[in-house]
J.: 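Here's a structure for you.
Below, all heavy atoms of this structure are taken into account, side chains as well, without hydrogens, waters or symmetry copies. Predicted, not measured: the structure shown is a model, and the values here were computed from it.
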Amino acid sequence: MFKDEMTPKERMEAFSKGEEMDRIPVVPDMGVTMSDYLGYKTWDYYSNSDVIADTEVALFKRFYHDSISVSTTLRGMAEAMGTEIWYPEDSISQLKDPVVKKVEDIEKLKIINPLKDGKLPVLIEALEKIRDQVGDVASIGAAMTGPFSVAASVLGTETLLRWMVKKKDAVHKIMDIITINNGEYIKEVGSRGFGMGFADPVSSTTLIRKKQFEEFSLPYLKRNIADVKKYCGSSAGLHICGDSKDLWPLLKDSGIGNFSLDNCESLLEAKEILGNDIVITGNVPPVDVMYLGNTEDVKKSVKECIDMAYDSPCGYVLSTGCQIPKGTKMENIDAFMEYGREFGNYKRLKELKNETK
């Protein structure tokens, strides 16, 4: 069994119950940017459930990381709702033509069928295929975009920001439909025994003010978090890119079980503000360390993150501050896992805790 005393599934189950583990969970944020690991293009990964499953299983066999996740990516739900997405052959997808351009277009928005619309069926098939291959030892879950970030692809980010000021009622109407559609996907995924987490980069205070988050994002996000609890039987995780500290007090009562922060934010501050209520996750820099750095840089950053956050009251998961970029050296991800195991070992952490008393 690799280098661990427990399988990833055993570890994550123990972690969720607050039980003793051999080490802290270690989860590099990967996905479509790792498509070339087996020689595939990003388009192959976006469009083919076998490619997703092949890639994720191969990565799991190499790294034996503690959670496998299959994501709708930022634009997947918007595409299912009618937005046109451009898929370069070997790069990240981009918004091409938003489905809503004027207020009247809102009436065209439909309630999606996760088994038919967009690439959602591909993702559901991939989740099943991964579980068929490694389900006894792996912790497998789904991920999707928070409703406010979906709105940025349904409407276009610039238009969304303008309409929040000039056409508030229209934005709320769009948000309601998106939230219902997110709920349809959550329901389908939950019925198959998978959990769900959210990425919500457009909710960052890098882009919007705290009051705008409270009005246009948080109420709808809470509804989808409740959907996860209802249909998946578990608490949702949440990742917000960029600045998010001003939002943390609001997130304590949102219903999330885990908050993943960008590397621009402080794990120490997150531990102080969120640690008594929510698991915190992060936040090795994906670009400066994982992509541009070497294994010594990875070692240093992993140790710093673990030593700052290992004693967070509700628990800590070592991860990257955001998705690992395409072209990152595989040996850096190897190092991330190796040093996560070394520095996150509970025997070491118990000694560290005794030293600091």
Side-chain angles (χ1 to χ4, degrees), residues 9 12-13 15-18 25 27 29 31 66-78 80-81 111-115 117-121 123-124 126-128 130-131 135 138-151 175-203 213 216-241 244 247-248 250-261 274 277-282 314-315 317 319:
K9 188 174 183 179
M12 295 308 290
E13 288 177 349
F15 183 73
S16 68
K17 297 174 184 177
V27 184
D29 187 346
D66 287 305
S67 181
I68 301 172
S69 181
V70 175
S71 173
T72 62
T73 71
L74 293 180
R75 301 163 189 87
M77 180 56 69
M81 293 176 64
I111 304 303
I112 60 99
N113 182 338
L115 299 179
D117 292 325
K119 293 180 178 54
L120 301 182
L123 305 176
I124 292 169
L127 284 165
E128 297 278 14
I130 293 168
R131 180 165 59 188
S139 174
I140 306 164
M144 68 186 309
T145 308
F148 189 70
S149 293
V150 175
M175 291 301 302
D176 184 61
I177 298 169
I178 290 170
T179 305
I180 292 170
N181 281 333
N182 273 4
E184 290 299 305
Y185 185 63
I186 293 165
K187 186 190 302 183
E188 184 62 40
V189 167
S191 72
R192 297 164 186 266
F194 299 105
M196 179 66 72
F198 298 96
D200 203 2
V202 186
S203 285
F213 174 79
F216 293 104
S217 179
L218 184 60
Y220 303 99
L221 181 61
K222 281 184 172 181
R223 281 170 53 184
N224 278 158
I225 290 167
D227 287 334
V228 174
K229 190 71 173 178
K230 179 179 180 179
Y231 296 117
C232 303
S234 58
S235 297
L238 173 67
H239 173 73
I240 297 179
C241 299
S244 62
L247 309 179
W248 295 351
L250 300 172
L251 296 178
K252 291 199 290 185
D253 297 322
S254 67
I256 61 170
N258 183 313
F259 181 68
S260 165
L261 54 152
L274 295 173
D277 302 281
I278 298 171
V279 174
I280 59 173
T281 294
C314 282
V317 177
S319 187

J.: Roughly how far apart are Lys222 NZ and Ser217 OG, rounded to 0.5 Å?
T.: 11.0 Å
J.: Show your working on side chain to side chain contact (heavy atoms under 4.5 Å, CB included) between Phe15 and Asp66 and close with a plain yes or no.
T.: CA-CA 11 Å; Phe15 183 73; Asp66 287 305; over 6 Å; no
J.: Might you point out which heavy atoms bring Phe194 and Cys232 nearest each other, and give the distance in Å?
T.: O-SG, 3.4 Å
J.: If you measure only the distance, is there a donor-acceptor pair under 3.5 Å linking the side chains of Thr281 and Asn258?
T.: yes
J.: Mind listing the closest non-hydrogen atom pair of Gly195 and Ser234 along with its distance?
T.: CA-OG, 4.1 Å
J.: What distance do Ile256 atom CD1 and Phe198 atom CZ have between them, rounded to the nearest 0.5 Å?
T.: 10.5 Å
J.: Quick one, Met81 and Ile112 - any side-chain contact, counting heavy atoms below 4.5 Å?
T.: yes
J.: If every non-hydrogen atom of Leu127 is compared with every non-hydrogen atom of Ala142, which pair is closest and at what distance?
T.: CD1-CB, 3.9 Å
J.: So, do Trp248 and Leu251 sit near enough that their side-chain heavy atoms are less than 4.5 Å apart?
T.: yes
J.: Compare every heavy atom of Phe213 with every heavy atom of Pro219, then report the nearest pair and how far apart it is.
T.: CD-O, 4.2 Å
J.: Do the non-hydrogen side-chain atoms of Ile124 and Tyr185 ever get within less than 4.5 Å of each other?
T.: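 Answer yes - side chains close enough.
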J.: Heavy atoms, side chains only, cut-off 4.5 Å: are Met144 and Ile186 in contact?
T.: yes
J.: Would you check, one step at a time, whether the test side chain to side chain contact (heavy atoms under 4.5 Å, CB included) holds for Lys119 with Thr72?
T.: CA-CA 8 Å; Lys119 293 180 178 54; Thr72 62; over 6 Å; no
J.: Could you state the interatomic distance from CZ (Arg131) to CD1 (Ile68), rounded to the nearest 0.5 Å?
T.: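 Between atom CZ of Arg131 and atom CD1 of Ile68 there are 12.0 Å.
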J.: What's the spacing between Met12 CE and Ile140 CD1 if we round to 0.5 Å?
T.: 12.5 Å
J.: Do you know which two heavy atoms are closest between Thr179 and Asp227, and how far apart they sit?
T.: O-OD2, 4.4 Å
J.: Enter the distance from Leu261:CG to Ser319:OG here, rounded to the nearest 0.5 Å.
T.: 10.0 Å
J.: Does Arg192 pair with Glu188 as a salt bridge, N-O distance under 4.0 Å?
T.: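 Salt bridge: yes.
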J.: For a 4.5 angstrom cut-off between non-hydrogen side-chain atoms, does Cys314 reach Ile278?
T.: no
J.: Determine which pairs satisfy side chain to side chain donor-acceptor pair (under 3.5 Å) with at least one residue from residues 138-150, sequence neighbours left out, and list them in order.
T.: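 Non-adjacent pairs meeting side chain to side chain donor-acceptor pair (under 3.5 Å): Ser149-Asp200.
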J.: Are Phe259 and Ile240 close enough, and set up right, to give a side chain to side chain contact (heavy atoms under 4.5 Å, CB included), and what steps lead you there?
T.: CA-CA 8 Å; Phe259 181 68; Ile240 297 179; 4.0 Å; yes
J.: Measure the spacing between CE of Met196 and CD1 of Ile225 and express it to the nearest 0.5 Å.
T.: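 One gets 12.5 Å once the value is rounded to the nearest 0.5 Å.
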J.: So Pro147 and Leu221, do their side chains get closer than 4.5 Å, heavy atoms only?
T.: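 Side chain of Leu221 against side chain of Pro147, heavy atoms only: contact under 4.5 Å found.
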J.: Would you indicate whether the side-chain heavy atoms of Asn113 and Glu184 approach each other to under 4.5 Å?
T.: no
J.: When you compare the side chain of Phe148 with that of Leu218, does any pair of heavy atoms fall below 4.5 Å?
T.: no
J.: Give me the atom names and distance for the closest heavy-atom approach of Met175 to Phe216.
T.: CE-O, 3.3 Å
